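Report on one structure; see the data block that follows.
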2 protein chains.
Amino acid sequence: MPIRSVLELRVRRLGIDTHQQPVAFMPRDCHVCRSEGFSALSRIELVKGTRRVIATLMVVDGRWIAGGEVGLSESACRLLGAQEGESVAVRHPAPVESMSAVRGKIYGSALSREALTAIVNDIDAGRFSDVELAAFLTGCTGNQLSLTEIRYLTEAMVETGERLHWDRSPVLDKHCVGGLPGNRTTPIVVAIVAANGLCIPKTSSRAITSPAGTADTMETLAPVALDLPAMRKVVEQENGCVVWGAAVQLSPTDDVMIRVERALDLDSQGQLVASVLSKKLAAGASHVLIDIPVGATAKVRDLPAAIKLQTLLVEVGGRLGLNVKVHVSNGDGPVGRGIGPALEACDVLAVLRGDAQAPPDLRERTLDLAGLLLEMAGKAPTDSGYALAATTLASGSAWRKFQAIANAQGGLREPPQARYRHPVLAGREGRVCRIDNRVLSRIGKLAGAPAAPAAGLVLGTALGERVEADQPLYTVHAESPGELAYALEYAQQHPELFFIEEDAP
Amino acid sequence: MPIRSVLELRVRRLGIDTHQQPVAFMPRDCHVCRSEGFSALSRIELVKGTRRVIATLMVVDGRWIAGGEVGLSESACRLLGAQEGESVAVRHPAPVESMSAVRGKIYGSALSREALTAIVNDIDAGRFSDVELAAFLTGCTGNQLSLTEIRYLTEAMVETGERLHWDRSPVLDKHCVGGLPGNRTTPIVVAIVAANGLCIPKTSSRAITSPAGTADTMETLAPVALDLPAMRKVVEQENGCVVWGAAVQLSPTDDVMIRVERALDLDSQGQLVASVLSKKLAAGASHVLIDIPVGATAKVRDLPAAIKLQTLLVEVGGRLGLNVKVHVSNGDGPVGRGIGPALEACDVLAVLRGDAQAPPDLRERTLDLAGLLLEMAGKAPTDSGYALAATTLASGSAWRKFQAIANAQGGLREPPQARYRHPVLAGREGRVCRIDNRVLSRIGKLAGAPAAPAAGLVLGTALGERVEADQPLYTVHAESPGELAYALEYAQQHPELFFIEEDAP
């Protein structure tokens, strides 16, 4: 078709980061804009060879994109495999057929297995705009997804990514429904479980909205960006690992949906269940323990919500052949002392090494979870998993296993230390009766975490403890003076972070 | 606060058109990105003097934005009143409080008057991202808005814009619930009604997804971008006008919502009712006639849907003090012969001038609507409005009034003619029994309409007529050979546009 050839444009790589969302820039007087009737924010399809991607168009009036050129965001270049100067075709995208099922759901119809598969495939292929994703997620929020729909959604999400298979059984996994700063039990749990000869191939994520994800913390102790063969080798050798999940491409549509869901601050239990279970299924787990911290400033705010979530996780997991157990824990305050990748790693090391100064709350939470996993796997009778876990830790066997795993992943290392530190004092004496997890996370992020791995903060007290007026509540750690100042300014503006009650007279 | 001053950046105006949506570009190593923890697609607040705007951030790795600079889209510059090189402050936006009411609605709570006012004010101030708008619109789709909620939404939308007041009564208005190519009755209706001494200050829109809006068509006959005082003068002198509504800023949030709604292709009757009625209320109307064409490829597809919409329009209009009448019309095929701004204007002129060749269907529709308006205003008894309208047209009084209005708006002119034309032949003989309105509109747009005012197409036949194999079904008009070729290629790929039934033997 000779007319089609007119619509080829030369790629200009603009070095613009828009996460997964592809964006294209074309001059207003571009012949393609004219003939296709494109205008600002049109959805356009870019084609290079067999690869196709749908991008949002921004129309440029300035001179910095020439006629015959199309400027592309990094995500568009990556998805197309396009280099500077190469040719891409530009055209109207076909309508996203699965959006009609989304509209049906919004009007009250149930989503069939076929519809959910089509929707997830279209999301995976980048055919949904953020606005369409928002409509889908909104239509699925609250209690609007049935158990059956959640199951189909989970299966569809698993099918779009890699799926790991292990020739051992059981294959254990754990997950924490976020929201608690410093709650970094995973590296220790993995070490205890693996030290008992059980298989626990753990993939973890980096922080999205928190000062540290498990992958960020583990990375200050050992390499985590392993590909699938490397991960497999570690697990075969040491029974367990703690690696970064994104490198392994498990349930990739989950990351796309989570980004929009967080932007909307929508709490969809159905989406949460599909998100968690799809990752675990894709990782090849047979037995999954899920920790749900409950507290006023945690993700799950009260017990009824936790119990509803538990029911969904266990039911849907069961239908998908997963043995799911839920552990509801206290989510009133932060866990351990450090918040931020390296500072949390220090807590992890202290517990593993059995230091006298190790945070007792982190140790207890870890033993609870590890004990439950040992029981789920049949390694310990009911109610004696905790004791076995405690022995494994006290004997040094967990610490040796952790070192072996870290070395197998590329080498154990010491976490970095921040150069700039400043304590924040209590200002009055009394008892700490409330800590705001969200403000705490925010200060850690303003100090530079997780991008600056040594940044964050170290708590000088804990919930329920007495403090003196001149005692440090916490110390901010930063890698630059600017970040230190900025975190401290925010801290000053939010004295409600720590609520200190006067002692009774 | 000395730390805040670090967050000032110099504006670079990038000439990027993103409609109303503000976009900002900052280099990845920017100190503001670092200290504020901004990353790609973060929502950021830009402040200049007393103006604030929330923008979506794109992070730039290339060299084309320097440290200390922030690149802005045209919309961001416009809303901030910012010029190249000026200083703006950048910071985290406060959370959009009214989104919590949106979340409540999604979970099933009703929206209060206060909540809807807050939501519409936040949309008006540009505080909602497209993703948040999508969630709001999705939560309101289908039957999810009650009559009371629609009323509050309508009132809130009116309050955000200008509101016209006329010291006459009644003040008439009309609206067509889109979807029919060529259905350009408004200029003729206004002329007939105004010629009968009634006040009809008509504001119209430009095309968004169609080949022509009423404002586009009228603009080929007279200037339409009048400001409020100029519009008022025309109406005082001639009783009526046909001007472009955007210049007058009536219910401006409507345009913001419509853009996202169309992207989602969501049909929300509640939103539609609020959209139509808010524009009419803001225009100061007391009596409104609404035309709902019903057909398989029109916006409203069947009679039950039309009746439901009618009930909502009349009920909500009544509560808001508007006298609303609905006219359900046939929406099976296009109206008149021309599709595209100038080609539709030619049909309008033919009807007004009483040409023998004037399209009879456009004439009939116009007389139906004008007659109903004359009856609503008490100018004609029930069932005799049509006759009065026909007399006004036949006597030349409507044509004289139209010329007077056009001259008062700045001068009557002849519509332009396209240089490139090509007929599309029937290919077989038989009877035209179906025409696809959507494909027809698409061809008109590909030919260049509405940006190229002379572009579009002219029908050579109509629904129900017999055609010969070599007879032109329509002729494509374009202002450039490329657009002509492109429209013809698309036409070739869509022979289903005209369904021709063989004659019975």
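Reminder, nothing fancy here: chain letters follow the sequence lines and each chain counts from 1. In this text the structure is predicted, and so the values were computed from the model without any measurement.
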Residue part contacting chain A, namely of [X], when any heavy atom lies under 4.5 Å:
X        : value
B/Met99  : side chain
B/Ala451 : neither
B/Tyr490 : neither
B/Val23  : side chain
B/Arg28  : side chain

Can you confirm whether A/Trp64 sits close enough to B/Ile16 that some side-chain heavy atom of one is under 4.5 Å from a side-chain heavy atom of the other? yes
For a quick test of reading the model, state the closest non-hydrogen atom pair linking [X] to [Y] and the distance between them.
X        : Y        : answer
A/Thr18  : B/Leu41  : O-CD1, 3.6 Å
B/Ala134 : A/Val131 : CB-O, 3.5 Å
A/Leu264 : B/Ala135 : CD2-CB, 3.8 Å

For chain A, which candidate among B/Arg259, B/Arg103, B/Gln21 shows the most heavy-atom pairs at distances under 4.5 Å?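 Between B/Arg259, B/Arg103, B/Gln21, the count favours B/Arg103.
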Could you tell me which of B/Thr141, B/Thr138, B/Val260 has the largest number of non-hydrogen atom pairs under 4.5 Å with chain A? B/Thr138
Please round to the nearest 0.5 Å and tell me the distance separating atom [atom1] of [X] and atom [atom2] of [Y].
X        : Y        : atom1 : atom2 : answer
B/Asp17  : A/Phe25  : CG    : CZ    : 12.0 Å
B/Gln144 : A/Tyr107 : CD    : OH    : 9.0 Å
B/Ile106 : A/Ser268 : CD1   : OG    : 10.5 Å

